[in-house]
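What follows is one structure encoded as structure tokens, with my remarks underneath.
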Amino acid sequence: MSFRRDFITKPIFSWARGVLPSMSDTEREALEAGDVWWDADLFTGNPDWSKLLAFPQATLTDEERAFLDGPVDELCAMLDDWKINWEWRDLPKEAWDFIKAKKFFGMIIPKEHSGLGFSPYAHSEVVRKISTRSLAAAVTVMVPNSLGPGELLMRFGTKEQQERWLPRLADGRDIPCFGLTSPEAGSDAASMIDNGIICKGSFEGQEVLGLKLNWHKRYITLGPVATLLGLAFKAYDPDHLVGNTEELGITVALIPTHLPGVEIGHRHLPSMQVFQNGPNWGRDVFIPLDYVIGGQERLGQGWKMLMTALAAGRGISLPSLSAAGAAYAARVTGAYARIREQFGISISKFEGIEEPLARIAGTAYQLDAARRLTCAALNAGHHPAVISGIMKLQATERMRIAIDDAMDIHGGKAVIDGPQNYMGNLYRAVPVGITVEGANILTRNLIVFGQGAIRAHPYLLEEMNALRETDHDKGLDAFDKAFWNHVGHSITTLFRAWGRSWTLGAFTSVPEVGDATRFYRKLSRYASSFALCADMALLTLGGALKRKEMLSARFGDILSELYLLSAAAKRWQDEGRQTEDFAALEYCMASGFKTIESRLAEILANLPNRFVAWILKFVVQPFGARVVGPSDRAVHQCAELILEPSAARERLTPDLSHVDDDGGRARLEKAFLLVTSCEDAAKKMHAAHLHDPKEAVTKGVITEAEADRLAEAHAAVAKVIEVDDFAPEALSPIYKKSADVHQFFQELGEQRAAS
């Protein structure tokens, strides 16, 4: 007999059981998917920074690096983004053939099944480089290596299924797609009405036990060209042919698209992006049970399988595209701002331009740091579901801001479309990344903190499992242990948060990492404040916190910032504490700390229990939200990183696609190098109040070689500033009957007058 358990814990246990909110099977399976990693350390309120710093970096093997420098560069050279999007509306045939021949579709498939067997980081790097040349090509390569038949077969398929299908997927004999989204079910996949009825039927001349399927899916990438469809549906067994349960639940199966009853629809056009995407239907399509991924024993386990696969996949593909987009924006916008002049000076000298330039550069640094850290975790075998959600949400949202900033700085250059516009298509593509793999609104308001609070908290999941235990005594024993550990943890966190907040983290024990040491102290302070406030919100709101989406979103924002800032700090350490890069780190930290303090203040202002809110404010934010963001000095120094050729600029924008053609980006790079190489000569002329290089040569201010170089730079800048224009008949078929647009409208007017 235990006095604490029987007289103190037992009443709490009984009360908690009564108020514990119900949880659907899909919610439970989503919570159980993947695992926890650094997010769990952050939830303790006292992260072990030495553990993070000692974690191995993501690296490439020699084979993976050779693939990036060989086949990936060869593929990029085949791609003309303007023609792909506005003329061909597809990748050229040579690119499709090359993708298949070089096994781009089989990057994640093990070598024993004829794939390349690449690491998550290599997968990320390939997608990253291709996306800076053509988004349509990047998505085409990305999807078969993300959530789809290949990954599901590797994780859950039977040996026979793996041996049959994986080699065909690896070498491109089969092109895969995955059908999850339907008109009735977008983010709420559990409400899908696509169904499969277990029955007997004829398949390839034999009567077998199988499924008769009916479905309607849309937004399916590679759907219009797929030969093998992975399908999610709800399975039913009304005649009890495989067991006593009629509603088996969400199931995933392989559907060869040539089967009778499969109908492949026409193409969607997502934000004018021309990667293959479209709807499909199935009408009484019969498949044998061994087409269910994992076989009969996996009937009804599809949602858990999907969530497990998504826990890893969301951390690779879209974060890779987003980090590449931010790095691309940093490189081209820094170069453009440097060469473009207004009022006789480079626009990069205006503080109004420096501010968005710094934001772009800081975003590029932070997103790539987080991408690499997440890939390092995946390389090590982790499947961090919460972190993957953070990455998808934050990477795509921050890319959107970076691209908007880049568009603003470029002005008309990025607005007028044509072959020389290297920004327009990326701008149009942003909503696609925001929307797919779970809408960002849902992810921010419900998933990041909602899932993280249960999975990553040191004790909450143990308590919930104990409360759901059917054996009362066993559940009480487990709850007694977890609950009092939780109480002890909360008290420790309270005093830790109090001490760190009132001293601004000055005495917090952290690793000695040079100039960045102070950032670790602040991160520890904010982690303890977050952990305490999260505990108090869970205690006072319980299951109602699930419905307080705005509060949940703010907690999720803090958790996201803590992860992204951890990644930035680790990147600076891993790259050898580069002095030149410290400006980017400082900018990221100041921006992130401002967000954290603002969200804490918003939480404390809106927590329903005002007494608890007052106590928390006294403990964690006694002086209010005091961080105002990066200083003007930090903004200036961060912007400078992308305005001159340097090792720091290369580290900030590594491994982007560079194709030596006469496209807009190639022109920009040439002009940037010319302008920056002429800087000394330009300064001499400016000091002498001269504008004509010939006059400057005559007066001995500059040499003739310098004048020639200045003329070459001037001509190169003029080519960059140029925008495309088109003959009317090249843009619209209504002009094709008359090459003279004026004649066309004159004839049209005469016709109207006559009528």
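No experiment lies behind these values; they were computed from the predicted model shown.
Using a 4.0 Å cut-off between charged nitrogen and carboxylate oxygen, Asp171 and Lys103 do not count as a salt-bridge pair.
With no hydrogens or angles considered, no side-chain donor-acceptor pair links Thr374 and Arg314 at under 3.5 Å.
Here Phe118 pairs with Phe67 under the ring pair (Phe, Tyr, Trp, His ring centres under 6.0 Å) rule; sequence neighbours left out.
Here the straight-line distance linking atom CG of Leu248 with atom CG of Asn195 works out to 12.0 Å at 0.5 Å rounding. Atom CG of Leu209 and atom SG of Cys199 lie 8.0 Å apart (nearest 0.5 Å).
Around atom CD1 of Ile441, no more than 12 heavy atoms belonging to other residues, nucleotides or ligands sit under 6.0 Å away.
Taking 4.5 Å as the limit, some side-chain heavy atom of Pro384 sits within range of a side-chain heavy atom of Leu378. With contacts defined as side-chain heavy-atom distances shorter than 4.5 Å, the pair Phe233/Leu213 qualifies. Within the 4.5 Å cutoff, the side chain of Tyr563 has heavy atoms near those of the Leu373 side chain.
Annotation for Pro256 and Trp165: closest pair CG-CH2, 4.0 Å, computed over non-hydrogen atoms.
Every pair passing salt bridge (charged side-chain N to carboxylate O under 4.0 Å, His left out) that includes a residue from residues 110-126 is listed here, sequence neighbours excluded: Glu63-Lys111, Glu125-Arg371. For residues 128-150, the salt bridge (charged side-chain N to carboxylate O under 4.0 Å, His left out) pairs, not counting sequence neighbours, are Asp73-Lys129, Arg128-Asp368, Arg133-Asp661.
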